Amino acid sequence: MDPRERFFQALTALREGNLDSCEEACDRLLAINAHDVNALRLRAQVWERHGDLPKAEQGFKAVIAIAADFAHAWADLGKVQYALKTYEAAEASLRQALVLDSKLKGPSKLLALVLRELGKAEQSKALDTINQQRAALKEKVHEAYRMAVAGDVAGAESQCRAVLKQDPDNVGAKEFLIERALESGRARWAEELARSLTRKIPERPKWWLKLATALSRQDQVAEAEEAAQQALRIDPDKTEGRMLLGSIFSKDNRFPEALEQYDLVLRQSPDYVPALSQKATVLKTFGQQQEAIDTYQRCMHLDPKYGEAAWSLSNLKTYRFSDDEVQKMCAVLEAGELSDQQTVHFNYALGKAYEHRSDWHSAFAAYAAGNLVKKKLVDWSADKFTQQVDDIIKIFNADFVKKNKAVGIEDDAAIFILGLPRSGSTLQEQILASHSQVEGTRELPYIPWLAQRINRPPNAMASQSYPLGLSEFKQQDWLQMGEQFMGQAQRHRQTEAPFFIDKLPNNFLYVGLILLAIPNAKIINTVRHPMDNCFGCFKQLWAEGQYFTYDLDDLGRYYRDYIRLMKHWQLVFPGKIHSVNYEQVVDNLEQTVAELLGYCGLPMEEQCLRFHETERAVNTASSEQVRQPIYKSAVAYWQHFEKDLQPLRDALGDLLID
């Protein structure tokens, strides 16, 4: 065990009141380095907790003798001296602590008391005023939490932002805003806030877990894993850390490792519902459907309000809820004692249950109720997205493409499957991944990740963000982008197949970037009837992202922008994009597969037509469907809901052909 890890574990022992273990760990650290000021301070805090104040005083003085600029050690010394009633010494120590770090709140409060004991009423009163101002800020944070509970989340966020303007290091305000940022899809902001707390309070596992969550939401899985591991180095038994690490492993398609984390939690707490639910999801990904179903049902039995298990069952697409299960879900919703996320989960589950009963209007009503709540939790602007598409089209004009053609890397291994979610992309991935020369990886996050960082230090390639910053690119920048992507993708390769798939749907925003950085890449655009495609998105709850799907008008506008951008890509990159129509695949599988393989330069293989027999982990909403042969029931499925879909028809406008 390295010294840093041992120190954090000693700190955890102190917090948990295990003083003997803490002192023993400090002694081991000091045997390695007798001048380790953190270990010396921690040992003195143990003596203070034991009530041996003179010994603790000497311990803190030993720290200061080595590190005279250690503000917290001066504060500790002043606290002990106050307890010993040596007030003049306490005043000097506390003042020195505040000279070194004027933002320390504890020493400021204690100094006011010391000054009062010394009869320095005016000085004490002045400090009281400062401390009252800080207390007022603390109360504002508490009020923000109450506002959020009452439903005024936007007002609560504004209040905490205002607190940070007055006190940039206010931990309570930052904690609230981290949660708010994560709930509303602003993971980068959450990352910035969490990083500031890990720098200020690195010994608290909570902040490392918040950082790991924010990084994971941005698909920075390697960095997220390191942050979660850091939390576990501090507190190896922290259930939250194991759960988060399991989630990160799942996102990275490292399912056996994810399962191991959930099993570690379940060994200590066999009925811990979140771990059971996540374990079931991994089992589903492995194709062990019945075991997954049994585990989800156990979750619902253990905690009838655990909506994620109900939604996960519905997300299998093939599961049929019993009448008793439907009745229980309705009762839980009617009781109204659920969080917003639980409400969303149960409504989506009920939507699927009603669908299976052909009660189309009730199904739509349930989906709409879930979407209404979910939309309030996310941050989406259709106008901003339209502007982004306008900017992309403006940058990638014919002259720009001609100027930068053939400057990227020569590698031809990458096959990108993109388009809208629920357009048949997982089916095309499964077909291609069934070929002996193609490896299916996952929805790789790297193209958006690279695009969003072109103007970010320390390795900025442009002064503006994507797409405008691309106008500043030189040949070496395109080469670097291509090489970076291929290097990042390599960590997901597990076979020697010459080609691999990146199936991130949203890569349609970056087709121009891909084809200039990796000119020999294959681009497969999956297309489906706009009503089926959009409604399929509307009734799908996404683990992360896809915030445009929770409103019919937003969906229609997004689809129009998608079609507009794909037409532009086909115009400026003629012959480089192969579109696959879902309805044509269903109607004539063999022909569409032959055309797909021909575009990719691959020979026909019979296994591609028997894709449903291919055994591989599938971690998308279509995981169960692609384990079945082609079926036609999903074509024109939207017509069952036609009476409720007029807002979507209006938004799609002339894209609909009756």
Side-chain angles (χ1 to χ4, degrees), residues 253 396 400-419 425-451 454 461 470 473-527 566 568-580 592-605 607-608 611 614 616:
N253 280 19
F396 283 93
F400 179 80
V401 171
K402 183 178 180 181
K403 174 186 173 185
N404 291 285
K405 255 186 179 177
V407 296
I409 63 173
E410 295 183 3
D411 201 308
D412 65 351
I415 301 173
F416 293 87
I417 300 177
L418 46 82
S425 57
T426 304
L427 174 58
Q428 295 307 306
E429 178 194 34
Q430 186 77 350
I431 289 169
L432 271 177
S434 299
H435 198 285
S436 62
Q437 296 185 43
V438 182
E439 178 178 6
T441 56
R442 53 165 287 208
E443 296 182 357
L444 301 178
Y446 303 119
I447 291 296
W449 188 87
L450 289 166
I454 62 171
M461 294 185 254
L470 296 178
F473 265 36
K474 299 178 176 60
Q475 179 174 355
Q476 63 265 28
D477 297 319
W478 294 112
L479 284 167
Q480 183 178 334
M481 291 285 274
E483 289 166 354
Q484 276 191 272
F485 170 78
M486 297 303 291
Q488 290 168 319
Q490 184 60 38
R491 64 185 293 268
H492 301 277
R493 303 291 307 275
Q494 297 177 354
T495 73
E496 297 299 319
F499 304 101
F500 72 93
I501 302 167
D502 177 351
K503 196 198 76 72
L504 187 69
N506 301 48
N507 275 339
F508 78 85
L509 289 166
Y510 310 102
V511 168
L513 183 153
I514 292 168
L515 289 177
L516 294 181
I518 317 170
N520 296 321
K522 300 293 189 294
I523 307 291
I524 298 164
N525 174 38
T526 56
V527 184
M566 288 310 302
H568 178 74
W569 294 136
Q570 288 162 335
L571 179 67
V572 295
F573 293 101
K576 297 291 288 184
I577 300 167
H578 178 70
S579 291
V580 180
T592 54
V593 169
E595 291 171 353
L596 173 68
L597 296 179
Y599 165 75
C600 294
L602 297 168
M604 171 61 83
E605 290 185 357
Q607 188 60 41
C608 293
F611 59 87
T614 300
R616 54 184 289 266

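Fair warning: this is a prediction, and the values are worked out from it, not measured in the lab.
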**Request:** Verify the neighbour count for atom CD of Glu496: are there more than 12 heavy atoms of other residues, nucleotides or ligands below 6.0 Å?
**Result:** no

**Message:** How about CD on Gln607, more than 12 heavy atoms from neighbouring residues, nucleotides or ligands closer than 6.0 Å, or not?
**Reply:**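 Yes, enclosed.
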
**Prompt:** Can you name the residues that form a side-chain contact (heavy atoms from CB on, under 4.5 Å) with Ala406, not counting sequence neighbours?
**Reply:** none

**Prompt:** Got a sec, which residues hit side-chain contact (heavy atoms from CB on, under 4.5 Å) with Ser436, two or more places apart in sequence or on another chain?
**Reply:** Glu605

Looking at every non-hydrogen atom in both residues, tell me the closest pair between [X] and [Y] and how far apart they are.
{"X": "Pro574", "Y": "Leu571", "value": "CD-O, 3.6 Å"}
{"X": "Leu516", "Y": "Phe400", "value": "CD1-CE2, 3.9 Å"}
{"X": "Pro603", "Y": "His435", "value": "O-NE2, 2.7 Å"}
{"X": "Pro448", "Y": "Tyr510", "value": "CG-CE1, 3.7 Å"}
{"X": "Ile514", "Y": "Ala521", "value": "CG2-CB, 4.0 Å"}
{"X": "Ile518", "Y": "Gly482", "value": "CG1-CA, 4.0 Å"}

By side-chain hydrogen bond (donor to acceptor under 3.5 Å, both in side chains) - contacts of [X] (at least two apart):
{"X": "Arg491", "answer": "Asp252, Tyr446"}
{"X": "Gln570", "answer": "Ser579"}
{"X": "Glu595", "answer": "Gln591"}

Spell out, as yes or no, whether a donor-acceptor pair under 3.5 Å connects the side chain of [X] to the backbone of [Y].
{"X": "Asn525", "Y": "Val527", "answer": "no"}
{"X": "Asn253", "Y": "Thr441", "answer": "yes"}
{"X": "Lys576", "Y": "Pro519", "answer": "yes"}

Determine whether [X] and [Y] make a side-chain contact, defined as any pair of heavy atoms from C-beta on separated by less than 4.5 Å.
{"X": "Arg493", "Y": "Gln490", "result": "yes"}
{"X": "Met481", "Y": "Ile454", "result": "yes"}
{"X": "Pro445", "Y": "Gln488", "result": "no"}
{"X": "Leu432", "Y": "Ile524", "result": "yes"}
{"X": "Glu443", "Y": "Pro505", "result": "yes"}
{"X": "Val511", "Y": "Phe396", "result": "no"}
{"X": "Lys522", "Y": "Leu596", "result": "no"}
{"X": "Leu602", "Y": "Phe499", "result": "yes"}

**Request:** Applying side chain to side chain contact (heavy atoms under 4.5 Å, CB included), run through Val593 and Leu597 and close with a yes or a no.
**Result:** CA-CA 6 Å; Val593 169; Leu597 296 179; 3.9 Å; yes

Nearest-0.5 Å distance, [atom1] of residue [X] to [atom2] of residue [Y]:
{"X": "Ile501", "Y": "Ile417", "atom1": "CD1", "atom2": "CD1", "result": "4.5 Å"}
{"X": "Gln480", "Y": "Met461", "atom1": "CD", "atom2": "CE", "result": "4.5 Å"}
{"X": "Ile577", "Y": "Leu418", "atom1": "CD1", "atom2": "CG", "result": "7.5 Å"}
{"X": "Phe473", "Y": "Asn404", "atom1": "CZ", "atom2": "CG", "result": "9.5 Å"}
{"X": "Ile415", "Y": "Glu429", "atom1": "CD1", "atom2": "CD", "result": "11.0 Å"}
{"X": "Ile447", "Y": "Asp502", "atom1": "CD1", "atom2": "CG", "result": "7.0 Å"}

**Request:** May I have the step-by-step check of side chain to side chain contact (heavy atoms under 4.5 Å, CB included) for Phe500 and Leu444, ending in yes or no?
**Result:** CA-CA 11 Å; Phe500 72 93; Leu444 301 178; 4.2 Å; yes

**Message:** Pairing donors with acceptors under 3.5 angstrom, does anything connect the side chains of Glu439 and Thr495?
**Reply:** yes

**Request:** With sequence neighbours left out, write down each residue that passes ring-ring contact (aromatic ring centres under 6.0 Å, His included) with His578, or none if nothing qualifies.
**Result:**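 Partners of His578 by the ring-ring contact (aromatic ring centres under 6.0 Å, His included) criterion, ordered by chain and then number, come out as Tyr599.
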
**Item:** Ring center gap for Phe508 and Trp569 short of 6.0 angstrom
**Value:** no

**Prompt:** Run the ring-ring contact (aromatic ring centres under 6.0 Å, His included) check on Phe485 and Phe416 step by step: do they pass?
**Reply:** CA-CA 12 Å; Phe485 170 78; Phe416 293 87; 5.3 Å; yes

